[in-house]
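Note sheet for the following structure.
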Amino acid sequence: MANLVQELNSLDFSVYIGGPLQAAVKAQHDASISQVNFIKEVGFTPGTNGGPELLKYVDFNYKKSVPNPDAGKTLEQLKAEGKVDASATAIPAIYSNPFTDAEVNLKVPFLTMLTVPALRIDEMTIDFNAKLNSVETQNVSSEFSGSASLSAKIWKVKFNASASYKKTSSSTSTTERTYTLGVHVRAVNDELPAGLARVMDMLEDSISAVNK
C-alpha cells in the first residue's frame, strides 16, 4: 500500500501557495507603476527644447452675466473715462444696464477631471486541497482435483490414485490523486496616497476663471 503521508510531504507547497502570493505581489507592483505612467502620460505634455514636462490644462470658454461696473455713472463720467464720444447726448444702453455679459476663460488641470487608478489588493484567499485514495485488492483462488482406480486379479490387487492441487493469488494496488487550487482575489480602487492627494488638492486650488 502506498505511503500517503510520505506522498503528501513530498508536495512542493512553496509552488502551490507561494506562486499565487508572488503573483499577487507582482500585480500590486504593476498597479503602482501603472498609476505613475497614467499621471505622466495623461496629465503632462512634453516640454519644449528638452525642458521639463508641462501640466496639461483644459480650457473652458463661456459667457457669464456679471454686474456692470459702469452702471450708475453719469454721462460726464463716461465721457471723462473715454467710454463714450464727447458729442454723445445720452448714455448708451450697454452702460445703463445693471448687468452685462462677460467672456470667461476657465483653466482646469486635466488630472483633476479624471479618476486616477489606485488599485489595491484588499483580500486574497488560497484554497489548496489534496485528496489521495489508496485501494488494494487481493484475489485468491484454489483448485483441487483427484482420481482413483482399483483393479483386482487372483491374489493381486492394483490400486491407482492421482491428485492435483492448484492455488493462484493476485493483488492490485491503485492510488487516486486529486489536487484542486482555488485563488480568490478582491481588489478595490483605494484612496490616493497622501502625497498624491495633497498634489491633487493643490491642483484644484489652481483652477481659475479669468474674464476676457
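Note that the structure is a prediction, hence the values are computed from the model and not measured. Note that the numbering runs from 1 along the sequence shown for the chain.
- One distance of note links CE of M113 with CD1 of I207; it measures 9.0 Å at 0.5 Å rounding.
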**Request:** Any chance you could lay out the side-chain contact (heavy atoms from CB on, under 4.5 Å) test for I91 and K73, step after step, and finish with the verdict?
**Result:** CA-CA 9 Å; I91 298 176; K73 292 182 179 180; over 6 Å; no
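- Between atom OH of residue Y57 and atom OG1 of residue T45 there is a gap of 10.5 Å, rounded to the nearest 0.5 Å.
- Panel note: side chain Q22, backbone G19; no donor-acceptor pair is recorded below 3.5 Å.
- Using a 4.5 Å heavy-atom cutoff, the side chains of V188 and L119 are not in contact.
- Within a 6.0 Å radius of CZ in R120, more than 12 heavy atoms belonging to other residues, nucleotides or ligands are found.
- For the pair N97 and F99, the minimum side-chain heavy-atom distance is 4.5 Å or more.
- Note that the NE2 atom of H184 and the CG atom of D127 stand 4.5 Å from one another [nearest 0.5 Å].
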**Message:** Pair K63, E103 - check side-chain contact (heavy atoms from CB on, under 4.5 Å), show working.
**Reply:** CA-CA 5 Å; K63 289 185 177 181; E103 293 284 342; 2.9 Å; yes
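- With D59 contributing its side chain and K107 its backbone, the two residues share no donor-acceptor pair below 3.5 Å.
- Considering only heavy atoms from C-beta on, Q35 comes within 4.5 Å of P193 through its side chain.
- The distance from the CE atom of M202 to the OG1 atom of T112 is 13.5 Å, given to the nearest 0.5 Å.
- Annotation for H29: atom NE2 does not count as buried by contact number, only 12 or fewer foreign heavy atoms lying within 6.0 Å.
- Closest of all the heavy-atom pairs between L181 and Y16 is CD1-O, 3.7 Å.
- Between the CG atom of N37 and the OG atom of S32 there is a distance of 11.0 Å, given to the nearest 0.5 Å.
- In this structure, CG in L192 is found 6.5 Å from CE in M200, a value given to the nearest 0.5 Å.
- Within the 4.5 Å cutoff, side-chain heavy atoms of P109 are placed close to those of S206.
- Heavy-atom neighbours of E81 CD from other residues, nucleotides or ligands within 6.0 Å: above the threshold of 12.
- Atom NZ of K64 has 12 or fewer neighbouring heavy atoms from other residues, nucleotides or ligands inside a 6.0 Å radius.
- With hydrogens and angles left out, the side-chain atoms of N61 and N105 include a donor and acceptor closer than 3.5 Å.
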